[in-house]
Each structure stands twice: as structure tokens, then as C-alpha cells.
Amino acid sequence: MIPLSETLSQGRELVAEIEHRSGQKVADCYQCGTCSSTCAAADAFDYPPHMFMRLLQLGAVDRAMASTTGQLCYDCMTCSSRCPIRIDVADVIETTKNIADEQGIRESERGLRLFRNLFLKNVRRHGRLHEASLLAWFNLKSGKLTNDLSLVPLILRRKNVRIVQPRIKDRAQVRRIFQRAKERPRW
Amino acid sequence: MSGGDIKLVGFLCNWCSYAGADMAGTSRMAQPAEMRIVRLPCTGRVNPLLVLKAFQEGADGVLVSGCHPGDCHYNEGNYYAHRRLELLSRMMAVYGIEPERFRYTWISASEGARWAETVTGFTETIRPLGRLNLAGGGARDDDHHQGPAAGSASPAEKR
Amino acid sequence: MRIGVFVCQCGTNIAATVSTERVASAAMALRDVVHAESIQYTCSDPGQRTVIAAAHKYALDRVVIAACSPRMHETTFQRTMAQAGINPFMMEMVNIREHCSWIHSDMEVATEKAIDLVSMGVAKVRGQTPLFSSHVPVVSEVLIIGGGVAGIQAALDIADAGMPVTLVERGPTIGGNMARLDKTFPTLDCSSCILTPRMVEVKHHENIRLMVNSEVEQVRGYIGNFEVDIRKKATCVDEEKCTGCQICEQKCPSEAPDEFNAGVGETKAISIAFPQAVPLVASLRKEYCRLYIKGKCGICKKVCPADAVDYEQEDELHTEKFGAIVVATGYELFDWRQAYPHYGGGLYPDVITSIQYERMLSASGPTGGHIQRPSDGAEPKEIVFLSCVGSRDESIGRPLCCKVGCMYIAKQAILTREHIPDSRTYVFYMDVRAGGKGYDEFYRRAQKEAGAVYLRGRVGKIYPRGGKLVVMGADTLVGENVEVEADLVVLATGIDAAAGAGSLAQRLNIPYDQYGFLSESHPKLRPVETTTGGIFLAGACQGPKDIPETVAQASAAAAKVIVLLSHDELETSPMIAEVNHMRCIGCFKCREVCPYHAIEEQGLRDGRRVAVVIESLCQGCGLCTVACPPSVISLRGYTDNQLIEEVTAVLR
Amino acid sequence: MVSTAYSYYPGCSLTSSATEYDISFRKVVEALGIQLDELEDWNCCGASPAPHHKAETLGVLLPGRNLHIAGASHDAIVAPCAGCYNRLKYAQYKLAGDQDIREQTSEVFQAEVRYQTEVLNIVQMLNREITPEALRERSQGRLANIRIGAYYGCLLTRPADILGFDSPRDPRKMRPLMEATGAEVPHFPFKTECCGSYMGLARKDILLKASHRIIEVAVSTGLDALVTACPLCHQNLDLRQEQINKAMGTSLRMPVLYFSQLIGLAMGISPEELELDALVVQPDMDRWLKGVA
Ligand SMILES: Cc1cc2nc3c(=O)[nH]c(=O)nc-3n(C[C@H](O)[C@H](O)[C@H](O)COP(=O)(O)OP(=O)(O)OC[C@H]3O[C@@H](n4cnc5c(N)ncnc54)[C@H](O)[C@@H]3O)c2cc1C
Ligand SMILES: Cc1cc2nc3c(=O)[nH]c(=O)nc-3n(C[C@H](O)[C@H](O)[C@H](O)COP(=O)(O)OP(=O)(O)OC[C@H]3O[C@@H](n4cnc5c(N)ncnc54)[C@H](O)[C@@H]3O)c2cc1C
Ligand code: SF4
Ligand code: SF4
Ligand code: SF4
Ligand code: SF4
Ligand code: SF4
Ligand code: SF4
Ligand code: SF4
Ligand code: SF4
């Protein structure tokens with residue numbers, strides 16, 4: 001049950017924030033479901049995109065922020081490109097997810113959280129991505145040691161494949177970039 | 001005070017823009033109150049001298065609005081209007097009037113929202129310019145101010 | 001000069017934001033105003049009586065009514081004036097409702113503005129002189145453009161009233177889109193059973209002249225006196241001689257697209273659209289004919305037993321006079337292909353439009369009433385209907401609802417079950433719009449009796465797989481994606497105005513919207529009139545409509561025409577231009593600009609040549625007044641002096 | 001100093017798991033006589049997880065640094081990886097549109113940020129350097145035996161208002177060059193459907209389903225190969241094709257080529273030089289080139 005009198009007043013500010021940051025109006029959505037029917041990941045979401053939009057329409061932002069939708073959506077924008085109202089659904093989902101992050105709402109999709117953190121750590125350290133070490137660390141930390149190992153020999157069929165990327169020279173600047181992003185994640 | 005110090009005059013054609021302004025009213029679209037509308041059959045009836053006369057008599061801005069090109073009730077009235085008014089707007093500076101004070105647009109009977117936006121935008125353009133001060137001396141000076149005109153509480157009176 | 005000012009409260013519509021009492025008392029201070037009062041509902045019967053009583057009591061010779069828009073009640077109060085013994089044109093309406101009370105919220109501001117507006121009205125009416133209407137004779141013939149069910153209905157109604165009608169249809173036959181339908185909702189009666197007899201009636205009615213393959217080119221004149229150029233295009237067949245035997249069509253070697261059947265099947269370069277066509281006459285389309293492309297053939301001429309084929313035939317241009325015009329140009333289906341690449345963009349043969357499906361259902365259609373997949377001719381078992389394709393879709397600039405899609409999908413689902421009992425139909429929809437008498441019941445029948453599976457959601461993608469079409473949609477009610485492996489997909493495509501409706505509207509000088517649908521004068525009060533006197537609308541040319549509505553509107557338009565033409569003469573507006581002959585310099589700049597050719601040259605006794613205005617032609621646009629170098633033309637009701645007074649009243 | 005050569009941004013993938021893309025691209029460019037200068041000291045643009053930082057600082061600063069470096073020496077930068085291209089365009093869009101972002105970025109870079117270098121993807125660049133007519137001339141219908149599908153995926157066209165490259169619903173820009181190879185390019189219904197993106201490590205289940213569908217439709221469309229301009233798509237569709245088949249219980253086979261490999265083949269460059277042997281699903285080159293001298 002969604003207590004609408006409550007959610008609609010309590011959720012108002014956050015919805016306005018989402019609308020402002022994404023430049024989209026949730027009331028524009030007429031719940032046609034095109035977004036969901038085009039989404040390759042919708043089956044895995046607890047709320048497919050149109051229902052995600054609906055939650056925001058009903059002011060149930062807490063539910064939207066805690067849902068797996070924001071975590072699993074990979075911003076492919078298939079939904080946005082086919083929405084008959086031209087709503088950038090992907091942007092709405094992502095903005096909501098960003099706000100959830102800022103509010104410290106923990107992701108339930110642990111694997112993805114881990115992947116993102118490791119990825120950024122990797123880039124922060126080297127300036128470039130070490131695909132191999134990303135895989136190794138991911139497997140180690142997720143406890144799925146053999147994950148994707150079968151791919152490694154397939155990758156190694158390539159001639160120039162670099163197992164270890166050369167680190168970039170101006171690492172100080174990369175550090176500054178990450179420092180700034182940490183201090184002010186948004187402009 | 002009726003909505004500020006400035007006074008704006010709008011010359012609107014009966015078929016499109018006047019009806020558009022009606023539509024804005026029917027839809028209760030709030031607008032600034034400085035505009036005074038004069039209804040005409042067609043923008044083709046707007047004599048450039050009439051516009052200049054309005055400025056001379058103390059208008060701070062003049063807006064002319066009619067049907068979209070191709071949609072004139074009289075087929076080609078707005079076509080002539082366009083030619084005349086385009087010339088007029090280029091002449092504004094010659095008369096010592098800021099060109100922004102004169103504008104002409106096309107608004108149809110169904111474009112109430114567009115009318116409301118236009119009035120709002122036009123008013124907001126003129127407000128910072130303030131009152132028009134015609135070097136040649138318009139009718140605004142107090143000694144020109146005669147006759148009972150518009151009621152005792154008229155803002156013009158208090159200027 | 002004795003002016004009375006009446007300030008309307010319009011209940012609270014005005015009085016809530018404008019102090020009408022203050023406006024009235026301010027008006028009393030204006031020159032020549034001898035009476036001013038505030039009235040609750042001026043247009044009501046007691047309101048009008050108050051005005052009349054005051055007019056007598058204060059011996060008023062001019063009146064200002066500050067109320068709603070003159071576009072609303074000017075004629076009402078002109079009539080009031082006549083009753084009060086005042087010339088109707090000695091009354092000026094001041095708009096303090098639409099242009100004041102409804103757009104402002106501050107009482108002080110709105111009241112001040114209303115006072116300004118009243119002072120403008122008083123200034124203007126002071127310069128007014130009595131005007132008198134004159135009369136012009138009316139042509140009693142009627143032009144109807146478009147021969148769909150709307151044009152047919154209007155033509156028959158008007159012709160039955162005894163007025164001569166010319167029905168102009170640009171296609172080779174009348175009947176329009178309805179002639180292509182199989183059965184019709186909500187009663188499922190057969191479309192041609194209702195329509196064909198009426199088409200034949202048109203053909204034989206003594207008061208109707210039917211012109212097919214014809215288009216309106218130019219329109220001049222005005223209400224009661226239109227002059228219209230009609231082009232009858234050459235079809236290489238003599239309409240009088242052709243017997244409709246179709247031998248030419250059978251023998252013709254050139255294939256041509258079958259527009260009547262919406263591309264289901266092909267026809268020939270010379271053909272008759274369908275067996276019940278009216279008139280039942282062949283036409284030849286040169287763009288597909290070998291004789292015109294390669295210079296060799298001529299078979300049709302040889303085989304025609306009636307000697308009706310005439311390759312030398314030329315376009316005919318007719319110029320005719322009409323008193324009134326009814327526009328009934330109908331609709332076309334939106335071409336969905338560009339806009340929906342995710343539905344295959346027209347590449348998949350088994351994704352078809354609703355009108356194509358309609359042709360398949362029809363027993364007299366190209367498949368003889370058998371539903372067939374275009375790709376392989378097989379009978380489909382799983383059939384998916386998609387509503388709102390090219391409707392309610394802002395991403396392609398088409399937010400409008402097609403209005404008939406939901407209902408004809410229900411119809412087609414029911415008919416599908418009748419044609420193929422072991423079939424299953426699916427309907428993807430967003431809302432089911434079934435608002436007419438018996439309509440909702442009909443749509444429920446599709447679910448209950450025909451077993452149509454209604455799925456609330458739009459389809460995101462269609463793609464072919466193993467001879468079937470995979471339709472990927474969402475069922476928003478269960479919140480999950482769904483998929484159907486369909487044999488045939490039918491799109492309820494959006495409705496557009498007929499091609500060229502916008503340019504026809506420009507020729508007729510009537511307004512139209514961004515989709516080309518023609519605009520009525522007022523959606524509730526004048527739904528069949530246009531803003532141009534004497535031109536009326538019927539049917540889907542005004543916006544999407546079903547047949548009952550189309551026919552009702554056509555009869556309404558006919559009634560309006562009959563009322564108009566039941567008088568021999570029309571009253572004309574006296575608000576027209578007038579030349580001061582004493583001061584005219586004979587330059588004729590005025591004549592150059594007049595859109596109605598209403599100015600002619602006249603010699604005076606002193607030998608000067610001056611301009612005169614032909615009263616019956618002048619429409620009062622005022623263009624000439626501005627063009628005249630010495631400013632000697634005045635427009636009655638809007639003279640230079642009046643306008644200057646109006647402007648200065650508010651600025652002083 | 002501004003050079004007429006292109007600044008070349010290979011990005012991380014092209015130098016590790018997708019070197020065949022790098023190699024084949026360089027080979028094609030070399031054959032066309034164009035100079036590529038690899039961007040000096042480039043850094044990762046953050047493409048994979050950065051969608052979730054699209055609106056954020058990192059999404060501008062990381063690719064912004066590459067733009068900045070390129071701007072010192074080149075008029076145009078080419079990024080064959082669709083993800084890199086997408087990120088560079090995004091950073092450029094942000095920098096061009098917002099004075100404040102420009103100032104803050106300049107502060108971090110300790111120099112006035114240069115962001116106006118033209119950003120090109122591989123399709124744009126090759127279309128500029130070799131017209132379809134010229135390629136047709138060179139290829140002499142070399143690939144006439146096969147049917148190939150253009151697979152655009154997501155990052156090359158979306159968001160359309162920022163990338164301004166091709167229609168997001170119905171992209172067609174790959175087609176003219178593909179047809180100039182002599183191959184038949186039938187309509188591929190899944191050309192804009194998502195392959196599952198970077199879900200590979202964390203939620204393989206989602207990815208495999210999405211990729212499976214694309215391969216399945218490619219097979220049922222009767223294609224001999226798909227062509228892509230994105231290393232991530234390639235990874236998901238080619239490298240993981242065994243995983244896909246295993247997870248879905250199918251035995252589909254669909255070679256997936258890089259755009260540069262296809263163009264290279266048409267120009268007569270050998271499959272070995274284009275490193276076609278690195279593909280997991282090997283095309284039947286004998287059949288493809290049957291009858292070609
Ligand atoms: C698939 C489908 C199924 C439908 N089923 C039903 C149903 O079951 N029941 C129902 O009530 N309604 C149904 N409708 C709606 C119905 O077709 C319309 O209500 C009706 O046809 C409108 O008639 P009309 O005369 O206004 O227009 P039309 O039928 O479009 O006729 C207009 C005519 O004007 C002609 N014309 C156009 N422009 C010009 C020009 N410039 N000069 C001269 N002539 C011109 C055209 O050639 C045409 O003959 C259906 C519609 C569709 C698309
Ligand atoms: C809440 C509500 C809101 C609405 N809002 C809108 C809206 O915003 N826009 C819109 O377009 N429509 C609206 N409508 C619909 C609108 O009211 C009707 O379309 C319209 O009033 C119908 O007019 P009518 O003349 O047919 O019937 P009515 O208005 O019902 O008039 C019938 C008249 O006949 C009289 N009468 C009845 N029987 C007899 C008899 N035997 N002998 C003599 N006289 C008799 C009645 O007393 C009555 O005066 C609304 C309806 C409702 C219920
Ligand atoms: S496609 Fe657009 S309108 Fe439709 S449900 Fe999704 S967000 Fe709403
Ligand atoms: S952007 Fe997210 S929600 Fe939209 S289609 Fe892609 S994965 Fe689904
Ligand atoms: S005259 Fe106009 S303003 Fe007055 S009551 Fe009638 S509708 Fe209302
Ligand atoms: S043109 Fe001649 S052959 Fe053709 S239908 Fe008419 S009469 Fe018959
Ligand atoms: S001339 Fe020949 S091709 Fe042309 S319409 Fe007649 S029979 Fe057909
Ligand atoms: S009538 Fe039905 S199918 Fe047509 S646009 Fe409206 S809702 Fe869609
Ligand atoms: S323009 Fe004026 S002066 Fe010239 S002919 Fe016409 S009325 Fe006379
Ligand atoms: S007002 Fe003048 S220009 Fe207009 S129709 Fe009359 S005569 Fe012609």
C-alpha cells in the first residue's frame with residue numbers, strides 16, 4: 001500500500017529535485033510502457049522503467065531510490081529513444097540513482113557496486129584501465145574466482161594485447177581530477 | 001496604478017490576434033496589466049502614422065499583431081502590413097525611439113498561450129526602458145495635459 | 001451628444017476583480033457621458049431591458065457596453081440598440097472580461113485598466129456616425145467539395161430542399177473512405193449496403209450535378225456570391241459514353257497501384273475503382289500507361305465497345321457562381337513508415353494498416369473477404385492489433401487521438417473471430433476510447449465474445465523470426481514485458497487531414513490547424529461554420545470523426561446552408577471603405593491593394609477620375625485607407641479620427 | 001602548431017582486449033595514406049561505469065583531459081571505440097555549453113581548457129576519407145558472397161542531441177560504406193538494441209539474455225556476420241558467444257567484425273593483417289572470398 005496523501009507531500013521536494021536535475025517532467029509520462037518493452041534489462045529490475053516513472057508520479061521516491069532499477073540500468077537509452085513523449089527515462093533513472101548515492105542509500109546489487117568501485121580505483125591508480133587486474137580483483141573480492149576465466153585465453157589470441165597497461169605520465173593531474181570529483185561530485 | 005508606470009498600446013486584428021487574446025482570457029492566463037488593446041479589422045488597417053501618433057501621445061511601447069502569413073482573413077492584409085511595419089521598425093531610431101519599443105508579431109486565434117507570453121515578454125522588455133522621452137516633446141508634458149481624459153484616478157494623471 | 005455607459009458584472013466573472021461601480025462612476029466624469037451604471041448580467045433579458053429603459057430615460061444617442069469580448073456579444077447588443085431605437089452601430093463594446101478581469105488578479109490594477117478601456121470606448125463612440133446595412137442578391141447554388149459520406153449526405157439534404165448542388169470530388173468515384181470499409185461499428189451493418197444506395201441517389205438526383213476527377217482551383221467573392229474555378233482533369237475516357245463494362249481494364253497490359261484497395265493487390269492503368277463506383281466510368285492514369293510512357297499500346301481504345309476512350313481529352317476549366325460552400329474533404333491515414341522504424345518501417349509485408357485489413361475483410365475486396373498474410377497468402381491465426389500508431393505520440397509531433405481507432409479495432413477483432421473461428425487476437429492499447437451510444441458495450445463484446453486479449457501497453461519493437469513476427473510489448477497492468485509471435489500485425493494508424501487540405505483552406509481563406517484539419521468558428525456554438533461567412537464544414541475534414549458524427553455534422557451544415565439561402569438577399573456590413581471624392585487625386589494606389597477588387601475608377605462631371613468603392617464587394621479590411629497617399633479613404637467604424645481618439649484617450 | 005593529421009585516441013580497450021580493432025584501424029588508415037598521431041599520455045575516459053557519473057564531474061574531467069591534450073596539436077580527434085567517442089562528445093558538449101564548467105575544469109587542469117577539437121567516430125572519419133564510390137572502386141565487389149548486418153548498439157547514436165551523429169531510432173550511416181564492399185546489407189532489426197553493456201562481470205545473466213537475442217536475430221535474418229564499431233559490443237557478442245550458447249542452450253554461430261576489419265577486407269588487406277584470427281567466432285574466409293583473385 002502506498003499512502004498517497006503522505007508520499008505526495010513528502011516526496012514532492014525530491015521529485016522536484018529529480019525533475020530539475022534531469023530536465024524531465026514526471027507528469028509528462030502517460031504510462032504507455034514503451035520504455036519497458038524496449039528495455040533489455042527490465043526483467044531483472046524490481047520496477048521496470050514505466051513503473052519507476054509511476055513511483056515518482058506518486059511521490060514514492062524512497063521506493064524508487066531503493067529499487068534495483070537505478071543500479072541495474074546501464075543507461076543504454078533505448079527507452080529514451082523510443083518514448084513517445086520524448087522523456088529521457090534513462091536520465092530520470094540515473095538522476096534518481098545519483099541522489100540515492102548522495103543520500104548514502106546502499107546498493108543492494110553488491111556485484112555492481114563492487115565493479116564500479118574497482119573500476120574507478122583502477123583508473124585512479126593507473127590513469128588507464130587495467131582490464132586484467134580489474135577482472136582479477138573483481139573475482140577475488142566477489143569470491144567468484146573462476147568468473148570469466150575461460151575468456152582469458154581467447155583474449156590472449158590477440159597479438160599486441162597488453163597485459164599491463166603502461167601507466168600514464170602525468171599521474172598528478174589524474175589525482176587532481178579524482179580529488180576534485182571526490183570533493184565536488186557535481187558541478 | 002494600473003500595473004506600473006508605462007503604458008503599452010496593442011493594435012490587434014479582429015480575426016486572429018484579438019481572438020487569441022480572448023482565448024488567453026478564457027483560459028485565465030495571467031498577464032501584466034500595462035497593455036491597452038485597440039481592435040482593428042486587419043493589421044493592414046494599421047497606418048504607420050497611427051503608431052507614431054501613439055508614441056507621440058505618450059505610449060511607451062506599441063505592439064501590432066495579426067494573423068500568420070497566409071492566414072489573413074482578407075487574404076493579403078498582413079502581407080501589406082508586414083512590408084509597412086518592417087519599414088517602420090527600421091525607422092524607429094530615426095525618430096529617437098528605441099527599436100525594442102515597437103514590435104509586430106503573428107498570433108492566431110488558437111494561440112492564447114502565445115499571446116500571453118508575447119504580452120509578458122514585451123512588457124518585460126519595456127519596463128527597464130521606462131517611459132519614453134521624445135526629444136521633440138510629445139504630449140506628455142503637463143501643459144499638454146488637458147481635458148477630463150480617463151477619470152480622476154487615471155495613472156496618467158499622476159505622472 | 002448623450003452617451004450611456006453600462007458596466008457588466010457578469011455575475012462574479014468581472015465583478016470579482018473589477019469594481020464595476022467605480023468604473024461606472026469614473027465613466028460619469030468623461031465628456032458627453034450622461035449616464036453610467038453597473039449591471040449584473042447585461043446580456044440577460046432583464047439586463048437588456050435595463051439598457052433599453054436607460055436609453056429612453058436619458059435620451060441616449062450613443063452607448064458603451066463594458067462587458068465581455070465583442071466577438072461574443074456584439075451582435076446581441078446591436079439588436080438591443082435597435083430595440084432601443086438607437087442605430088446599432090452607435091454602440092461600442094469594451095472588453096473588460098477576457099482582456100481584463102480574467103487575466104488580472106489585483107482589483108486595484110484591474111479596475112484602473114477597466115476605466116482606461118472604458119475611456120477608450122467612449123472616445124471611439126463619440127466619433128461614430130449612424131450606419132445602415134445594404135442588401136445584395138444571393139446565388140442559390142451550392143458547392144460541395146469532397147464526395148465522402150459527409151459530402152453525399154450534405155448534397156442530398158440540400159438538394160432535397162430544392163437547391164441546386166454541385167458536388168466536386170477529386171477522385172474517380174464518390175464514396176470516400178467509407179466505401180472501403182467492410183462492416184461498421186457499433187452495429188456491424190455492412191458499409192456498402194448503407195452507402196451505395198445513397199451514392200446512386202446522388203447520381204440520379206435532379207438537383208445534383210456530380211463532377212468527379214475535379215478540383216477547386218480558385219475562389220473569389222464572398223458569402224452569397226462566390227465565384228469558383230473548377231478544373232476537371234482529363235481521364236481519357238468520355239464519361240457520357242463509357243458503360244462501365246471494364247473490358248478495357250481486363251485487356252490493359254499496364255499494372256498500376258490499387259489506391260482504392262490501399263495497395264492490397266494491383267490494378268491497371270485504365271480501371272474502375274470498384275464495382276459499385278459512382279459514376280461507373282473508367283479512368284486512365286497516364287503515369288502508368290504504356291502509351292504515355294513508351295509511346296506504344298492503344299489497346300483500350302481498340303477494345304472499347306462504346307468508343308469512349310479518347311487520348312486527346314484535355315482538362316476542362318469551369319467557372320461557376322455559388323451562394324454557399326460546404327467543405328467535406330475528409331481524411332487520410334498517416335503514413336507510419338518513416339516514423340516507426342522499430343515496427344519495421346514498412347519492410348515487413350505482414351505488418352499492415354487497418355484500412356488494408358478492412359479491404360481484406362470486405363467480401364467485395366481484392367481477397368474476396370479472406371484474411372490472408374501478404375507474405376505467403378496463408379490464413380493468419382495469431383493477429384495483433386496496435387492502437388495509436390501515429391496518434392498520441394509527441395515524439396513524432398502527433399499528440400492527437402484518432403478517435404476511431406479503438407472502436408474499429410474492436411470491430412475488426414470481432415470480425416476476425418467470425419472469419420477465422422480458431423484465431424486469436426491481441427490488442428495493445430493505452431486507453432480504450434469508446435464514448436458513444438452503444439460503444440462501450442461494443443468494445444466489451446470484442447473481449448467477451450470474440451475473446452480478444454487486451455494488453456495495456458505500447459509496443460516497443462516488432463521483428464521477424466521464423467516466418468512470424470515477434471511483437472515485444474509491455475503489459476503495464478502486471479508490470480511485465482510480454483511477447484506475441486504473430487502471423488499478422490495490424491496498425492491502427494493515425495488520421496491526417498486529406499492531402500492538400502491546408503492549401504485548399506488557403507484558397508477558401510478559412511483557418512486550419514497544424515495537421516491541416518479545418519477550423520470551425522467556435523467548437524461549441526458554431527461547430528459547422530467557419531470564420532468566413534458562407535463556408536461550412538462537414539465530416540472528418542474538421543478533425544477525426546466516425547460515421548454517425550460525420551453524418552450528423554453534414555446534415556447540420558446542410559441546414560445552415562438552407563437557412564442562409566432561403567433568403568433572396570443578404571444584409572451586408574456597412575463597416576466598409578468610403579472615398580472622399582472631393583479630395584481624391586486619382587492615383588489608384590487603393591485599387592492596387594484591394595484584395596476584393598472592390599475599387600473602380602469613375603469619371604466625375606468635372607473630368608477628374610476618382611476612385612469609388614463598390615459596396616457589395618468591399619469587406620472592410622482597411623488596406624486601402626493606409627495605401628491612399630492623401631488619406632482620403634475612411635473605413636466606417638474605424639476612421640483615422642476614431643482610432644486616434646481611442647489611443648489618445650488612454651495615453652493622456 | 002596544428003597538424004593535418006588526426007589525433008588518435010585508442011582508449012583502454014583497443015590497447016588491451018581489443019587490439020585487433022586498433023591494428024585493423026591503423027592498417028586501413030595506412031592504406032589510405034592518412035597520418036595518425038596517437039594522443040600523447042592519454043588517460044581512460046571512464047566509459048564503462050561513468051554513465052552513472054554522466055552528470056558529474058568525472059564524466060567531464062576524464063575525457064576532458066584527452067580533449068585538452070588533443071587541442072594543442074590537432075583539429076580533429078578520432079576515437080574508434082564508441083564508448084570513448086560518446087564520452088568525448090559528452091565532455092565537449094558540457095564544456096561548450098557552460099562557462100562555469102569550463103572555468104572549474106581549467107582550474108583542475110591548471111590551464112585554459114581546450115575543448116573545441118572536432119571529435120569523430122570511426123564511421124564519420126572513414127566516410128570522410130574514403131567515399132563509398134572510392135571504396136567500391138577499390139573493393140571491386142570483393143565481398144559479394146556475403147550478407148552482413150550493421151549493428152550500432154547504443155553508444156554510437158545516443159543521446160542523439162549530444163552526439164548529433166545519426167538517428168537513434170533508425171541509424172543508417174554505416175550502410176553506404178558497407179554496401180561499397182560488395183556485400184549485401186539487409187535490414188537488421190536489432191541494430192539499435194542494447195547488448196548488455198558492462199554487466200558482464202556483475203550480472204552476466206542480464207547481459208547474456210540481451211546479447212543472445214541479438215545473435216539470434218542476426219542468425220534468423222540470414223546474416224554471415226555482424227559489424228560493430230564498439231569494443232564492448234564486440235566483447236559481449238563475440239568473446240562471450242560461447243557463454244551465451246551455454247547459458248541459453250543454443251548453438252548459434254555468428255561472426256562479429258569490427259567496422260575497420262570489414263573495410264580493410266574490402267580494400268584487399270589480408271585477413272591476417274587485420275587480425276581476423278583473433279575473433280572467437282571465425283568467419284569462413286574461403287567462402288567469403290571465393291572467386292576473388
Ligand atoms: C480503418 C478504419 C475503419 C473505420 N471504421 C469505421 C466504422 O466501423 N464505423 C464508423 O462510424 N466509422 C469508421 N471509420 C471512420 C470513417 O471512415 C469516417 O468517419 C468517414 O469516412 C468520414 O467521412 P468523410 O466524408 O468526412 O471523409 P472521407 O470518407 O475521407 O471522404 C472525403 C472525400 O473527399 C475527397 N477529397 C479530399 N480532398 C479533396 C479535394 N481537395 N477536392 C475534392 N475532393 C476531395 C476524397 O477523395 C474523399 O472522397 C473508420 C475509419 C478507418 C480508418
Ligand atoms: C457535471 C457535468 C459537466 C459537464 N461539463 C461539460 C463541459 O465542460 N463541456 C461540454 O461540452 N459538455 C459538458 N457537459 C455535458 C452538457 O451538459 C450536455 O452536453 C448539454 O447540456 C446537453 O444539452 P441538451 O440541450 O441536449 O440537454 P439538457 O441540457 O438536458 O436540456 C434539456 C431540456 O429539456 C427539458 N425537458 C426535458 N424533458 C422535457 C419534456 N418532456 N418536455 C419539455 N421539456 C423537457 C429539460 O428541462 C431541459 O431544460 C457536462 C455534463 C455534466 C453532467
Ligand atoms: S515510454 Fe515514456 S511515456 Fe511511456 S511509460 Fe515510458 S516514460 Fe512513460
Ligand atoms: S537505459 Fe536503462 S531502463 Fe532504459 S532501456 Fe537501457 S537499461 Fe533499460
Ligand atoms: S454581456 Fe458578456 S460579460 Fe456581461 S453577462 Fe453577458 S457574457 Fe457576461
Ligand atoms: S472505357 Fe469502354 S471498355 Fe472501358 S469501361 Fe468504359 S465502356 Fe467499357
Ligand atoms: S493505352 Fe494500353 S496501357 Fe494505356 S491504359 Fe490503354 S490499354 Fe492500358
Ligand atoms: S482512438 Fe484509440 S487508437 Fe485512436 S488514437 Fe485514440 S486511443 Fe489511440
Ligand atoms: S489612393 Fe486615395 S487618392 Fe488615390 S485613387 Fe485611391 S482614394 Fe483616390
Ligand atoms: S476596405 Fe478598401 S481595400 Fe478593403 S475591401 Fe474595402 S475597398 Fe478593398
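Quick note on labels: first sequence line is chain A, next is B, and so on, each numbered from 1.
- Counting heavy-atom pairs under 4.5 Å between each of C:Met28, C:Lys124, C:Met575, C:Glu646 and chain B puts C:Glu646 at the top.
- B:Ala81 does not touch chain C: none of its heavy atoms, backbone or side chain, sits under 4.5 Å away.
- Looking at B:Leu40, the atoms closer than 4.5 Å to chain C (heavy atoms on both sides) sit in the backbone and in the side chain alike.
- Between chain B and the residues C:Ala110, C:Pro70, C:Cys100, C:Pro511, the most heavy-atom pairs under 4.5 angstrom are made by C:Pro70.
- Heavy atoms closer than 4.5 Å to chain B are found in the backbone of C:Glu592, but not in its side chain.
- Using a cut-off of 4.0 Å between Lys/Arg side-chain N and Asp/Glu carboxylate O, B:Glu117 and B:Arg114 are scored as not salt-bridged.
- Both the backbone and the side chain of B:Val38 come within less than 4.5 Å of a heavy atom in chain C.
- Aromatic ring centres of B:Trp106 and B:His68 lie farther apart than the 6.0 Å criterion allows.
- Heavy atoms closer than 4.5 Å to chain B are found in both the backbone and the side chain of C:Val593.
- To the nearest 0.5 Å, atom OG of residue B:Ser27 and atom CD1 of residue C:Ile103 are 11.5 Å apart.
- Among C:Val23, C:Leu117, C:Leu635, C:Val122, the residue with the largest count of heavy-atom pairs under 4.5 Å with chain B is C:Leu635.
- Using a 4.5 Å cut-off between heavy atoms, C:Ala627 contacts chain B through both its backbone and its side chain.
- Annotation for C:Asp116 and B:Arg36: closest pair OD2-NE, 2.8 Å, computed over non-hydrogen atoms.
- Ranked by heavy-atom pairs under 4.5 Å with chain C, the first of B:Met23, B:Arg39, B:Glu76, B:Met29 is B:Arg39.
- With respect to the salt-bridge test (charged N to carboxylate O, under 4.0 angstrom), the residues C:Arg220 and C:Asp229 qualify.
- Proximity to chain C (any heavy atom under 4.5 Å) is shown, for B:Tyr79, by neither the backbone nor the side chain.
- Using a 4.5 Å cut-off between heavy atoms, B:Thr26 touches chain C through backbone and side chain atoms alike.
- For C:Asp640, the parts sitting under 4.5 Å from any heavy atom of chain B are the backbone and the side chain alike.
- Only the backbone of B:Cys72 comes within less than 4.5 Å of a heavy atom of chain C; no side-chain atom from C-beta onward does.
- Taking all atoms of both residues into account, the shortest heavy-atom contact from B:Met92 to B:Pro99 is CB-CA, 4.1 Å.
- In summary, B:Asp60 and B:Arg131 do not engage in a salt bridge, as defined by a charged side-chain N under 4.0 Å from a carboxylate O.
- Geometrically, B:Arg83 does not engage B:Tyr80 in a cation-pi contact, judged by NZ or CZ lying under 6.0 Å from the ring centre and within 45° of the ring axis.
- Aromatic ring pairs are classed by plane angle as parallel below 30°, tilted from 30° to 60° and perpendicular above 60°; the pair B:Phe102 and B:Tyr104 is tilted.
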